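In what follows, a single structure is set out as structure tokens and then discussed.
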Amino acid sequence: MPPESPTSPLNPNPTHSPPPGSPTNNAAAAAPSPASALLRATVLLVAFLALQLVLFKYLLLLPSSRFLPAPRRSNSTWANGDAADECQAGLIYVYDLPHEFNHDLVANCGSLWPWYSFCPYLTNGGLGRPAAETPALAAVIPNEFLPNWYNTDQFPLEVIVHRRLLSHRCRTIDPSLAAAFYVPFYAGLDVGSHLWGPNSTVADRDRAGTRLLRWLTRQPHFVRSGGWDHFISLGRITWDFRRWGDTDGWGTKFVVMPGMENVTRLVIEADRTDPLDVGVPYPTGFHPRAASDVRAWQRHVLSLPRATLFGFAGAPRSGFRDDFRDVLLEECEDAGRARCRAVDCRGTRCNDDGAAAVTELFLGSKFCLQPRGDSFTRRSMFDCMVAGAVPVLFWRRTAYDAYRWFVPAGSEEEWSVFIDRQELRVGNVSVRDVLEGYSEARVWRMRERVVEMIPTLVYASSTYRGLGEGMEDALDVALRGVLQRFQRRRQSIAREAEHQPGRLVSRPLRRGSNGKNGSVIARRASRHKSAAEYIKTVLSEEPASRDKSLQQS
């Protein structure tokens, strides 16, 4: 046996080693030297730091634990402070739904889509990751504006609205004082998780909506009004919620279920024949914190040199017969690189880092071509206008009829160009000739008008007062319209009660004789069903990854 170290405290006499198996010998074998102890401590520290780094990166993929801020409580009936002077239009009560209808969907964000995780897009209350953390986007947006930009998906409206209303200055925790009731059901996230699953059934798509309405229709304030003073936000296009019948078909039938007859819907693309559908802007990546941020961005986009006459972000769709996008791509090619630029959005190229290419395109273009997407509107139209470019439309339903609360009626020519698509298709006109027919002064005035509209097309990142200084964002416009609608209904009920004393006036706003959701909708049921089937047919012919760019490309 080799002698012990002369410095070992366990063996003061180095010339005599204890016999094997003795307590002294065992202790000596177990005791590490200072060098080995230091090495082991270093290894443990490095392993601990590596584990922390892995956990940190993993948490970045999850939605923030503060995706819905906790409302401030007070001794009064106001959840967020006394703002009576600012809330003369009425107070809003936010239902505290069972978590299965919202929180649980966010908690399971990794399984909302079958091909990728939706978690990064639900961080920061649905705004997504800051642009500063997205290198491609950070390279396009000037540093001073980065705090106002996020990598926002097109479908998180429900989370954005819920987050804002929980901390809204006009929110009350006393339902007896409320003029409007918000139902924070994330119907879009729910149905989206069942649209493409190989084993998904109509029962899967309808289950959450059925359970939600069973819960809601038992609430006393819903029973009292029949739901006419209730509203909800829907983060997908209205056609995803309008499946007719119980047979296989596209989407859920949530909107046409019993109990939804009177509920107002804020939806990113509405059915213009249904007065309860209110079209609201798609979320874009611009989420200003204050009115001053908006004004600074407006000055910036107006000052930019725009060397490109018109730009187009999109891709041909093989599933559409006589696809109009092919026509626009040919127009761009004919105009030449000096006048037109196109960004190919096939697959998911215009999402994530690709969103930077789209933003850069629109920031450098005077006009942007906006054909219909899988439905009549694309998020691209709002990206275009936020970038200060003038949209060129080919379907009136793309903007003029669908977003009446947000775009000026009767003055479409002040902020957009409309080209007859049939004339363009047969070659009687060209995009280049039409746009070059506008004088520089006229183009400037149109751009000014578009830039003037930016505040009402975006969703502020601040929750309590929105943009402030009297500047309304998209949610402010929507809430004002909802409260005015409910006030008119309340006045109508009062007038009816005066003429018919003693009668309880809380009947549904509209109900068809067949029991479906309104006579107007019922008469168009077959048409809507065929439209939904058409969308499904097109989607089935495309790769699954195309889902992410349904409305953007």
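In this chain, residues are counted from 1 in sequence order. All of these numbers come straight from a predicted model, not from anything done at the bench.
Figure legend: cation-pi geometry between R421 and F394 absent, as NZ or CZ is not positioned both under 6.0 Å from the six-membered ring centre and within 45° of its axis. Remark: R169 fails to qualify as a cation-pi partner of Y464 under the 6.0 Å distance and 45° angle criteria applied to the six-membered ring.
In this structure, E158 contributes its side chain and L234 its backbone to no donor-acceptor pair below 3.5 Å. With hydrogens and angles disregarded, a donor-acceptor distance shorter than 3.5 Å links the side chain of D476 to the backbone of D473. A side-chain donor-acceptor contact under 3.5 Å links R404 to the backbone of D401. Looking at W244, its side chain never comes within 3.5 Å of a backbone N or O of G249 through a donor-acceptor pair.
Every residue two or more places apart in sequence or in another chain that forms a ring pair (Phe, Tyr, Trp, His ring centres under 6.0 Å) with Y403 is listed here: F382. Under the rule for a side-chain contact (heavy atoms from CB on, under 4.5 Å), the partners of P184 that lie at least two apart in sequence or sit in another chain are V94, Y95, L97, N102, H162, Y182. Evaluation of the side-chain contact (heavy atoms from CB on, under 4.5 Å) rule for S200 yields H194, D204, R205 as partners, not counting sequence neighbours. Contacts of Y400 classified as ring pair (Phe, Tyr, Trp, His ring centres under 6.0 Å), with partners at least two apart in sequence or in another chain: W415. With sequence neighbours excluded, the residues satisfying side-chain hydrogen bond (donor to acceptor under 3.5 Å, both in side chains) with D229 are R224, S225.
Within the structure, the salt bridge (Lys or Arg N to Asp or Glu O under 4.0 Å) test picks out the following pairs touching residues 98-109 (sequence neighbours left out): E100-R211.
The shortest side-chain heavy-atom distance between F145 and D293 does not fall under the 4.5 Å cut-off.
Side-chain atoms of R129 and N124 form no donor-acceptor pair, as typed in the model, at a separation below 3.5 Å.
Tested against T252 for a side chain to side chain contact (heavy atoms under 4.5 Å, CB included), the candidates T210, D240, D206 yield a single pass: D206.
Taking 4.0 Å as the cut-off between side-chain N and carboxylate O, D274 and R242 count as a salt-bridged pair. Between D383 and R379 a salt bridge is recorded (basic side-chain N to carboxylate O distance below 4.0 Å).
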